[in-house]
Amino acid sequence: MEHAADTKAVWLDAGKIETLLAGTRTEDGPKVREILARARELKGLGLEDVAVLMNITSPDLVEELFHAARAVKEEIYGNRIVLFAPLYISNLCSNECLYCAFRRTNREVVRKALNADEIRQQTEIILSQGHKRVLMVAGEAYPGSGIDYVLDSIDAIYSANVNGSTIRRVNVNLAPLTVEDFRRLKEHHIGTFQLFQETYHRPTYAQVHLAGPKKDLDWRASSFDRAMLAGIDDVGMGLLYGLYDWRFETLALMSHIAHLEERFGVGCHTISVPRIEPAIGSDLASRPPHAVSDEDFLKLVAILRLAVPYTGIIMSTRESSAIRSRTLELGVSQISAGSRTNPGGYEAESRFEAAQFQLGDHRSLAEVIADLGEHGFIPSFCTGCYRLGRTGKDFMDLAKPGLIKAKCGPNALSTFEEYLLDYATPEAHEAGERAISAALDEMDERVRRTSEKLLAKVRDGRRDVYC
């Protein structure tokens with residue numbers, strides 16, 4: 001029997017959200033401090049708690065919020081930052097989304113759908129930079145055989161090989177699928193299925209999605225239910241901040257997470273928090289109706305870290321390097337690096353006219369890694385959990401008691417050591433080894449022994465070792 005949540009967002013209660021926002025319009029210092037104290041217990045926060053924190057304005061309370069977020073991030077993630085590269089395979093699209101360069105009537109975009117050979121070539125370029133994890137992205141229309149094009153593209157990415165180096169995990173950002181097609185997707189060994197709702201505000205959703213399958217908010221918002229029914233238990237949510245009030249959107253996102261936790265016992269694996277950036281052929285993208293200031297953006301990242309402490313927060317290269325650096329301290333745990341947002345974009349002569357949006361951070365992977373080191377972070381290319389089946393509830397059962405850190409720390413160091421040995425300049429290698437040594441000094445004895453064993457294997461010539 002079909003469950004209503006498989007096709008309808010029955011959990012999205014705009015009235016409840018608006019009531020919460022209306023009841024928490026003023027800053028309440030004592031209440032804020034009580035919530036921040038509870039947040040440090042790493043058990044997450046409810047909707048009302050989040051609504052209260054979103055109204056912090058005084059500098060002292062903002063700093064207390066940031067301090068709590070830093071503490072929670074350090075407790076769960078340490079100084080690790082996971083790195084990945086987006087790989088756009090197609091910019092064909094059947095939707096008419098006013099904020100997106102890929103919208104179907106936009107004649108300013110050069111259309112391209114990569115074939116299997118081109119996808120392998122793009123993957124080889126990504127591999128030559130040192131990446132091990134890819135986010136495959138496609139416009140919401142597929143050439144020829146439809147979903148088969150997507151599945152063949154995943155296979156092409158996995159088949160790429162550069163001197164024995166391969167992509168170890170493909171995450172995907174795709175259009176909503178049926179349960180049957182989600183099962184086929186799972187058979188091709190994806191990691192996380194990622195989908196951006198863009199906005200949860202129904203009137204705004206209708207105003208910015210004029211045509212195509214994406215016009216149906218409920219079908220899109222219920223995608224994760226169908227994915228989980230198909231056995232994909234790592235899902236990644238996302239908003240496009242700037243379409244509507246960021247406070248409403250964040251509470252709606254929290255409602256979505258609560259629904260998945262209630263129905264399936266686990267919420268989302270990651271949250272992406274992009275702000276609208278200029279896009280070719282989009283006036284709306286250049287003038288966001290509800291632009292989010294840098295101050296509010298930093299607050300929302302910190303609030304999300306406290307609200308869902310065990311969920312990865314992803315920051316894309318839409319943002320400037322300066323903003324990205326600040327969000328790393330407040331809760332972001334994954335970033336893209338050396339990104340291109342157009343099909344074939346990793347070729348030197350690629351055309352920006354095929355890109356989805358304007359980048360804010362144009363640095364190469366090597367430059368991003370150097371900057372992470374300067375700020376005391378350890379770059380991680382780890383994909384161990386996916387290969388060992390630590391996904392969904394199994395992952396959370398380790399994360400919530402704090403046990404996953406004992407796995408992630410050693411795996412981060414071993415994958416970073418691979419990068420240093422195989423791709424880094426002598427100067428970068430030397431700096432990276434100092435960072436690894438400092439990280440080892442911070443570990444307890446048991447985790448340090450595990451890390452040193454993995455590092456010894458990598459230095460002895462082995463690759464792709466993890467615990």
Side-chain angles (χ1 to χ4, degrees), residues 2 6-7 84-97 100 102-104 109-127 131 133-161 166-196 211-216 219-220 222-236 238 340-347 350 354 356 383 386-387 391:
E2 186 179 78
D6 300 345
T7 56
F84 69 94
L87 175 53
Y88 281 68
I89 61 170
S90 168
N91 60 10
L92 308 183
C93 197
S94 58
N95 299 311
E96 187 67 15
C97 308
C100 183
F102 288 1
R103 62 188 177 85
R104 69 187 189 190
V109 166
V110 178
R111 302 293 173 171
K112 176 73 174 177
L114 304 182
N115 61 36
D117 287 338
E118 291 170 324
I119 290 170
R120 271 189 292 272
Q121 291 166 6
Q122 289 287 292
T123 306
E124 288 168 359
I125 297 172
I126 292 171
L127 284 167
H131 279 293
R133 181 192 295 230
V134 158
L135 172 65
M136 190 187 82
V137 187
E140 297 193 3
Y142 311 124
S145 54
I147 187 63
D148 288 332
Y149 171 75
V150 169
L151 303 180
D152 291 343
S153 297
I154 295 170
D155 294 343
I157 294 172
Y158 277 129
S159 71
N161 189 309
T166 60
I167 294 297
R168 296 170 184 169
R169 185 54 49 185
V170 178
N171 298 331
V172 297
N173 187 317
L174 300 170
L177 300 173
T178 63
V179 174
E180 179 183 354
D181 282 343
F182 272 125
R183 289 196 179 104
R184 296 184 65 195
L185 189 64
K186 179 179 172 61
E187 291 171 356
H188 285 252
H189 309 292
I190 67 159
T192 302
F193 167 73
Q194 187 184 90
L195 182 74
F196 290 7
K214 195 169 179 177
K215 189 175 174 64
D216 187 342
W219 178 250
R220 191 170 191 84
S222 58
S223 294
F224 296 135
D225 291 82
R226 297 189 299 278
M228 288 189 169
L229 288 172
I232 298 174
D233 50 8
D234 275 2
V235 297
R340 299 293 182 270
T341 64
N342 52 307
Y346 291 98
E347 296 283 355
S350 67
Q356 187 179 27
T383 57
Y386 294 117
R387 263 87 66 74
T391 60

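Here the structure is a predicted model, which means the values were calculated and not measured. Numbers here are sequence positions counted from 1.
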Next on the checklist: Quick check against the 3.5 Å criterion: does Arg104 have a side-chain atom that pairs as donor or acceptor with the backbone of Ser94?
Outcome noted: yes
Next on the checklist: If you apply the rule side chain to side chain contact (heavy atoms under 4.5 Å, CB included), what do you find for Asn91 with Thr341, and how did you get there?
Outcome noted: CA-CA 9 Å; Asn91 60 10; Thr341 64; over 6 Å; no
Checklist entry - Between Ser223 and Arg220, do the side chains contain an N or O donor and an N or O acceptor separated by less than 3.5 Å? => result no
Item to check | Heavy-atom pair with the smallest gap, counting every atom of Leu127 and Asn161 | outcome: CD1-N, 4.3 Å
Next on the checklist: Would you say that Arg111 contacts Ser90 through its side chain, given a criterion of any heavy-atom pair below 4.5 Å between the two side chains?
Outcome noted: no
Next on the checklist: Is the shortest side-chain heavy-atom distance between Thr7 and Trp219 below 4.5 Å?
Outcome noted: yes
Checklist entry - Under 3.5 Å, side chain of Thr178 to main-chain N/O of Asp181, donor-acceptor pair present? => result yes
Checklist entry - Mind checking whether Val235 and Gln194 have side chains closer than 4.5 Å, heavy atoms only? => result no
Checklist entry - Which atom names give the shortest non-hydrogen contact between Ser222 and Arg226, and what distance separates them? => result OG-NH1, 2.7 Å
Checklist outcome for this item: Closest non-hydrogen contact found for Gly236 with Phe224 is O-CZ, 3.3 Å
Checklist entry - Going by an N to O cut-off under 4.0 Å, is there a salt bridge joining Lys112 and Glu118? => result yes
Checklist entry - Do Gln122 and Pro343 have side chains that get closer than 4.5 Å, going by heavy atoms? => result no
Checklist outcome for this item: In this structure, CZ of Phe84 is separated from OG1 of Thr383 (nearest 0.5 Å) by 14.5 Å
Next on the checklist: Is there a side chain to side chain contact (heavy atoms under 4.5 Å, CB included) between Glu347 and Arg340? Walk through the geometry before answering.
Outcome noted: CA-CA 10 Å; Glu347 296 283 355; Arg340 299 293 182 270; over 6 Å; no
Checklist outcome for this item: Closest heavy-atom pair, Tyr346 versus Pro86, reported as atoms and distance to 0.1 Å, is OH-O, 2.5 Å
Checklist entry - Donor-acceptor pair, Arg120 side chain versus Ile157 backbone, under 3.5 Å? => result no
Checklist entry - Once you round to the nearest 0.5 Å, how far does CD1 of Ile125 lie from NE2 of His131? => result 12.0 Å
Item to check | Derivation of the side chain to side chain contact (heavy atoms under 4.5 Å, CB included) call for Ile190 and Asn171 | outcome: CA-CA 6 Å; Ile190 67 159; Asn171 298 331; 6.0 Å; no
Checklist entry - What's the shortest heavy-atom distance between Ile89 and Ala138, and which atoms? => result CG1-CB, 3.8 Å
Next on the checklist: I'd like to know if the side chain of Asn95 reaches the main chain of Lys214, judged simply by a donor and an acceptor atom lying under 3.5 Å from each other, with no hydrogens or angles considered.
Outcome noted: yes
Checklist entry - Does any non-hydrogen side-chain atom of Leu177 lie less than 4.5 Å from one of Ile147? => result yes
Item to check | Gap separating the CG atom of Leu174 from the CG atom of Leu185, nearest 0.5 angstrom | outcome: 6.0 Å
Checklist entry - How many angstroms lie between atom CG of Asp233 and atom NZ of Lys186, to the nearest 0.5 angstrom? => result 6.0 Å
Checklist entry - Is Val137 close to Leu87 at the side-chain level, that is, under 4.5 Å between some pair of heavy atoms? => result no
Checklist entry - Salt-bridged, Asp148 to Arg184, with N to O below 4.0 Å? => result yes
Checklist entry - Is there a donor-acceptor pair closer than 3.5 Å between any side-chain N or O of Tyr158 and the backbone N or O of Val170? => result yes
Checklist entry - Would Val150 and Ile154 count as a side chain to side chain contact (heavy atoms under 4.5 Å, CB included) if you check the C-alpha gap in whole Å, the side-chain angles of each, and the deciding distance to 0.1 Å? => result CA-CA 6 Å; Val150 169; Ile154 295 170; 4.3 Å; yes
Item to check | Polar side-chain atom of Asn173 near backbone of Phe193 as donor-acceptor pair, under 3.5 Å | outcome: no
Checklist entry - Below 4.5 Å, heavy atoms only, C-beta onward: do Tyr88 and Phe102 meet side chain to side chain? => result yes
Checklist entry - Are any of the side-chain heavy atoms of Ser153 and Met136 separated by less than 4.5 Å? => result yes
Item to check | Atom of Tyr149, atom of Pro143 and distance for their closest heavy-atom approach | outcome: CD2-CD, 3.5 Å
